[in-house]
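Step one of this worksheet: look at the structure below.
In this chain, residues are counted from 1 in sequence order. Order of listing sets the numbers, starting from 1, for every ligand and every atom in it. Below, all heavy atoms of this structure are taken into account, side chains as well, without hydrogens, waters or symmetry copies.
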Amino acid sequence: MNPRGRFITLEGVDGAGKSTHAAWLADTLRAWGYTVVATREPGGTPLGETLRGLVLSESMSLDTETLLMFAARCEHLAQVIEPALARGDWVVCDRYTDATYAYQGGGRQLGAERVAVLEQWMRPALQPDRTWLFDVPLELARARLADARQPDRFEREAAEFFERTRAAYHARAAAHPGRIRIVDSSRPVEQVRAQLHAELRALTETA
Ligand code: TYD
C-alpha cells in the first residue's frame, strides 16, 4: 500500500502573505521526494475555476456565495483532493473550509453554525492534517493589498469585514489547536520559512 499522503491547507486574510509561502512549501516537499499536488480554493478544477470567477466578481446573496464555495469544494474533493490522497500524494491547498468559516461565517456574519451544516453535509470526516494560519495585523494586510493588482469582490471590503474574518480565523485556531498553527507573517520571510520548515519536517515524521 502507498504511504499515506498528507492534506495541508493555508489560510489567512487577504494580504497575510500565504500565497508567497504556498509554492515554497510545495517545492520543499518535492525536494524531499514527495509527490505534491498544489491547488487552491475556490477553484482547483475547471468547473471550480469557473465558479471562482463568478464568486470573486458577481454580486450575489450570502447564501448563494456560501453554497458556491461548497459546490466548488465538492468538485475539488472528488476530482482532485481525494484521488491525490488515495495515491499517497501530498496536497497543498491554498484555502479550504476554514476560509468559509472565516469569510462567510465571520466576515459576512453568516455564523459558524450555518457553515457547519454544509461541512457536515459535504464530507465531515476529511479534515486537513495541518493548517497554517498566516496572521498579520490588519493594517499590514491592507497595506500589502494596496500594492496588489485590481482588487476582487472580497479585497474591496471594508476594514471591519477583515476584523471579523480575522477574529473568526482565530476562533477556528482556538477550537482546533492540534490542526491549526498560527504563523506570525509580519516577520521577515526567512523567519516564517524557518517555522514552516520545522513544522513540515515534523509532519513528515508522524505516522
Ligand atoms: P485568495 O486566496 O485570496 O486568492 P488570491 O491570492 O488570488 O487573491 O482567495 C480568493 C478569495 O476567496 C479570498 O478573498 C477569500 C475568498 N474565499 C471565501 O470567501 N470563502 C471561501 O470558502 C474561500 C475558499 C475563499
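Contact atoms of ligand 1 toward Pro42: 12 (O), 23 (C), 24 (C), 25 (C) (distance under 4.0 Å to a heavy atom of the residue). Atoms of ligand 1 lying under 4.0 Å from any heavy atom of Gln104, numbered from 1 in the order shown and given with element: 18 (C), 19 (O), 20 (N), 21 (C), 22 (O).
Looking from atom 18 (C) of ligand 1 to the surrounding protein, the closest heavy atom is Met69 CE, 3.3 Å.
Proximity of Arg108 to ligand 1 is not established, as no heavy-atom distance is less than 4.0 Å. Taking 4.0 Å as the cut-off, Lys18 counts as a neighbour of ligand 1 on heavy-atom distance. Heavy atoms of Val55 stay at 4.0 angstrom or farther from ligand 1. Taking 4.0 Å as the cut-off, Glu155 counts as a neighbour of ligand 1 on heavy-atom distance.
For the pair Tyr96 and ligand 1, the shortest N or O to N or O distance does not fall below 3.5 Å. Between Arg40 and ligand 1, a contact under 3.5 Å exists for no N or O pair.
For the residue pair Thr100 / Arg73, a side-chain donor-acceptor distance below 3.5 Å is found, with atom types taken as modelled. Judged purely by distance below 3.5 Å, without hydrogens or angles, the side chains of Tyr101 and Glu119 pair a donor atom with an acceptor atom. Side chain to side chain, Gln195 and Arg187 meet the donor-acceptor criterion of an N or O pair below 3.5 Å.
Here Ser19 has side-chain heavy atoms under 4.0 Å from ligand 1, and that is the only part of it that gets that close.
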